Colleague: 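What follows is a structure written as structure tokens; I'll ask about it next.
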Amino acid sequence: MNVRRSAAVLAAVAVIGAAAPATAAPSPSPSQAFPSALYGDKDPKYDGVWRQSLALLAQDTVGVKPAAKSVEWLVRQQCADGGFTAYRPDPTTACDARTMLDTNATSAAVQALAALGGHDDVTAKAVGWLKSVQNGDGGWGYSAGGASDTNSTSVVIGALTAVGEKPDQVEKGGKSPYDALLKLALPCGGDGDGAFAFQPDKKGKLTANADATAAGVLGALGKGMVVKPGEKSDAACAQPRTPEQAAANGAAYLTSALGKDDDHLMSALAGAEPQPDYGNTADAVVALAARGDTGQAEKSLRWLEENAATWAAQNGPAAYAQLVFAAHATGTDPRDFGGADLVKQLNATGPAPQAAERTNAADDKGEKDSDSVFGVWWYVGVCLVAGIGIGFLFTGRRKQQL
């Protein structure tokens, strides 16, 4: 899931140079009105589909039936070829060659719509587009043709799993998404000991990245943004020759990284003052819980309960959704999250749900937990606004988010 975007931010900055404003993303004019069906009140230019998808998925996870118009808004954001971009102000205008389709937004929408049910035609087209832009190494970048990165590849794996696909059988040139992830996993010993890198640098060197590692652990496990506590397998760090071993290595790295700073991760954005990274900490909780490393996951969740309220209020629906996913992953009640009701707070950022509760919908859908973890351009704008990214699950959702 925050997905799930520090490296993505840096990658985006490298592409657009220093042209991006240093203080904030574009803000709407006083007369500009955003769609009433949209969650959040900030400019959706960079993250409209992403935050809507996370909000709807989080509601479904806790048994809340989203507003019909909010679901319909997300469906109408899809382009004719199946892909999604960060935001289409006018969905009646057809997408064209200038529309920057986004693997992260597309994968998040697939996970949300697959969980909600009744949108098989939409998710099938979206997955078809994702398969059509798979790279020769088996992975995906943020945009079609972009170099594969851990975050994007992992959030696509979550989408594939959500619709019943087997990621190891989705191949390009004989390479699956797991092959791509294994190439991005660092060996044991030395710097980065078992972590995942976001991407290799220009010289092919891999550098440990906590955000990418949270995404990579979920991807290697074949999971999406919504998980339940898994069964831990005791495994010492070893050469990451299988997805399971890479996930074990990555989880050990996250446990170590979280333990160094009082059970939370710190922001790694270049030029920023060191400060807690709430979104990536939430992503790490989900990743650790998915592999059964519940001890550290629960400690970090307690830290989020005590410290994340202001961050979530500032960042809105995607942030609340990330905390819901973290709570759900550890068996914690999101309606009593350090004394706060995350569900009520999330619902307040958009249209009122159709129904306040459904009978444990998350459990009624069987494989729902295998869904799920962070776009570059969106990420740049969002991080400039929020300071600290929401986590992984964006490849990029990756140091991303809002």
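Quick note: numbers below take in every heavy atom, side chains included, and nothing from hydrogens, waters or symmetry partners. Keep in mind the model is a prediction, meaning the values are calculated, not measured.
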Colleague: Is the shortest side-chain heavy-atom distance between Lys205 and Pro200 below 4.5 Å?
Modeller: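 Result no, sub-4.5 Å side-chain heavy-atom pair not found.
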Colleague: Looking only at side chains, do Gln296 and Ser300 share a donor and an acceptor under 3.5 Å apart?
Modeller: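 Ser300 and Gln296 do have a side-chain donor-acceptor pair below 3.5 Å.
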Colleague: Pairs in or reaching into residues 302-313: which pass salt bridge (Lys or Arg N to Asp or Glu O under 4.0 Å), with residues at least two apart or in two chains?
Modeller: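 Salt bridge (Lys or Arg N to Asp or Glu O under 4.0 Å) check on residues 302-313 returns Arg302-Glu305.
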Colleague: Are Val122 and Phe84 close enough that some pair of their side-chain heavy atoms sits under 4.5 Å apart?
Modeller: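 They are in side-chain contact.
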Colleague: Please round to the nearest 0.5 Å and tell me the distance separating atom CZ of Arg51 and atom CG of Asn315.
Modeller: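 Result: 11.0 Å between the selected atoms.
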Colleague: Any sub-3.5 Å donor-acceptor pair from Asn135's side-chain atoms to Gly138's backbone N or O?
Modeller: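 It does not hold such a pair.
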Colleague: With rounding to the nearest 0.5 angstrom, report the OG1 to CG distance, Thr281 to Leu265.
Modeller: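 Going from OG1 on Thr281 over to CG on Leu265, the span is 4.0 Å.
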Colleague: Side chains of Tyr39 and Gln59 only: does a donor on one sit below 3.5 Å from an acceptor on the other?
Modeller: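 There is such a pair (donor and acceptor under 3.5 Å, judged by atom type) between the side chains of Tyr39 and Gln59.
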Colleague: Any chance the side chains of Asp168 and Ser176 put a donor and an acceptor closer than 3.5 Å?
Modeller: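 No pair is found: no donor N or O on one side chain lies under 3.5 Å from an acceptor on the other.
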Colleague: I need the minimum non-hydrogen distance between Leu254 and Ala287, along with the two atoms involved.
Modeller: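 What the structure gives for the nearest pair is CD1-CB, 4.1 Å.
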Colleague: Pair Ser267, Asp277 - check side chain to side chain donor-acceptor pair (under 3.5 Å), show working.
Modeller: CA-CA 5 Å; Ser267 170; Asp277 196 327; 4.8 Å; no
Colleague: Any side chain to side chain donor-acceptor pair (under 3.5 Å) involving residues 68-86? Give me the pairs, sequence neighbours left out, ordered by first then second residue.
Modeller: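 As it turns out, the side chain to side chain donor-acceptor pair (under 3.5 Å) pairs with a partner in residues 68-86, which skip direct neighbours, are Ser36-Lys69.
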Colleague: Could you tell me whether a side-chain N or O of Thr153 sits under 3.5 Å from a main-chain N or O of Trp140, the two making a donor and an acceptor?
Modeller: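 Yes; judged by distance alone, with no hydrogens or angles, the pair exists.
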Colleague: Hey, does Leu304 have a side-chain heavy atom less than 4.5 Å from the side chain of Val285?
Modeller: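 SC-SC contact between Val285 and Leu304 confirmed.
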Colleague: Would you call Asn151 and Val155 a side-chain contact if the rule is heavy atoms closer than 4.5 Å?
Modeller: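 With C-beta onward as the side chain, the pair stays apart.
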Colleague: Show your reasoning for whether side chain to side chain contact (heavy atoms under 4.5 Å, CB included) applies to Tyr278 and Trp303.
Modeller: CA-CA 9 Å; Tyr278 304 92; Trp303 182 87; 3.3 Å; yes
Colleague: Under a 4.0 Å threshold between the charged nitrogen and the carboxylate oxygen, would Arg98 count as salt-bridged to Asp96?
Modeller: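 Yes.
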Colleague: Between Glu165 and Lys131, is a side chain to side chain contact (heavy atoms under 4.5 Å, CB included) present by the stated rule, with each step listed?
Modeller: CA-CA 11 Å; Glu165 294 268 4; Lys131 289 181 178 180; 2.8 Å; yes
Colleague: Do you see a donor-acceptor pair shorter than 3.5 Å between the side chains of Thr123 and Asp120?
Modeller: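 Side-chain D/A pair, Thr123 to Asp120: absent.
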Colleague: Tell me which pairs pass disulfide (SG to SG under 2.5 Å) where either residue lies in residues 136-215, with sequence neighbours left out.
Modeller: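 As it turns out, the disulfide (SG to SG under 2.5 Å) pairs with a partner in residues 136-215, which skip direct neighbours, are Cys188-Cys237.
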Colleague: Output yes when a side-chain donor or acceptor of Arg335 lies under 3.5 Å from a complementary backbone atom of Lys344, and no otherwise.
Modeller: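 Looks like no, no N/O pair under 3.5 Å.
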Colleague: Using the side chain to side chain contact (heavy atoms under 4.5 Å, CB included) rule, take Asn249 and Gln245 through it: C-alpha gap first, then chi angles, then the decisive distance, then the call.
Modeller: CA-CA 6 Å; Asn249 293 352; Gln245 185 63 58; 2.8 Å; yes
Colleague: Can you measure from NZ (Lys175) to CG (Leu182) and round to the nearest 0.5 angstrom?
Modeller: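 That separation rounds to 10.0 Å.
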Colleague: Test your reading of the model: is there a side-chain donor-acceptor pair from Lys45 to the backbone of Tyr87, 3.5 Å cut-off?
Modeller: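 It does not hold such a pair.
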Colleague: Quick one, Asn307 and His264 - any side-chain contact, counting heavy atoms below 4.5 Å?
Modeller: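 Contact flag for Asn307/His264 side chains = no.
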Colleague: Is the shortest heavy-atom distance from the side chain of Leu54 to the side chain of Val324 under 4.5 Å?
Modeller: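 SC-SC contact between Leu54 and Val324 ruled out.
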Colleague: Is it true that a side-chain atom of Asp193 and a backbone atom of Gly189 form a donor plus acceptor pair closer than 3.5 Å?
Modeller: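 Here the side-chain-to-backbone pair exists.
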Colleague: Contact between Leu181 and Pro177 at the side-chain level, heavy atoms closer than 4.5 Å - yes or no?
Modeller: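 Heavy-atom side-chain distance check fails, nothing below 4.5 Å.
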Colleague: Between Ala208 and Leu186, which heavy-atom pair has the shortest distance, and what is it?
Modeller: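 What the structure gives for the nearest pair is N-CD2, 3.8 Å.
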Colleague: Evaluate Thr161 against Lys223 for side chain to side chain contact (heavy atoms under 4.5 Å, CB included), listing each step before the verdict.
Modeller: CA-CA 7 Å; Thr161 301; Lys223 301 292 186 180; over 6 Å; no
Colleague: State whether the side chain of Thr349 and the backbone N or O of Leu346 hold a donor-acceptor pair below 3.5 Å, judged by distance alone.
Modeller: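 Judged by distance alone, yes, a pair lies under 3.5 Å.
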Colleague: Indicate yes or no: at least one non-hydrogen side-chain atom of Thr103 is less than 4.5 angstrom from one of Trp129.
Modeller: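 Side chain of Thr103 against side chain of Trp129, heavy atoms only: contact under 4.5 Å found.
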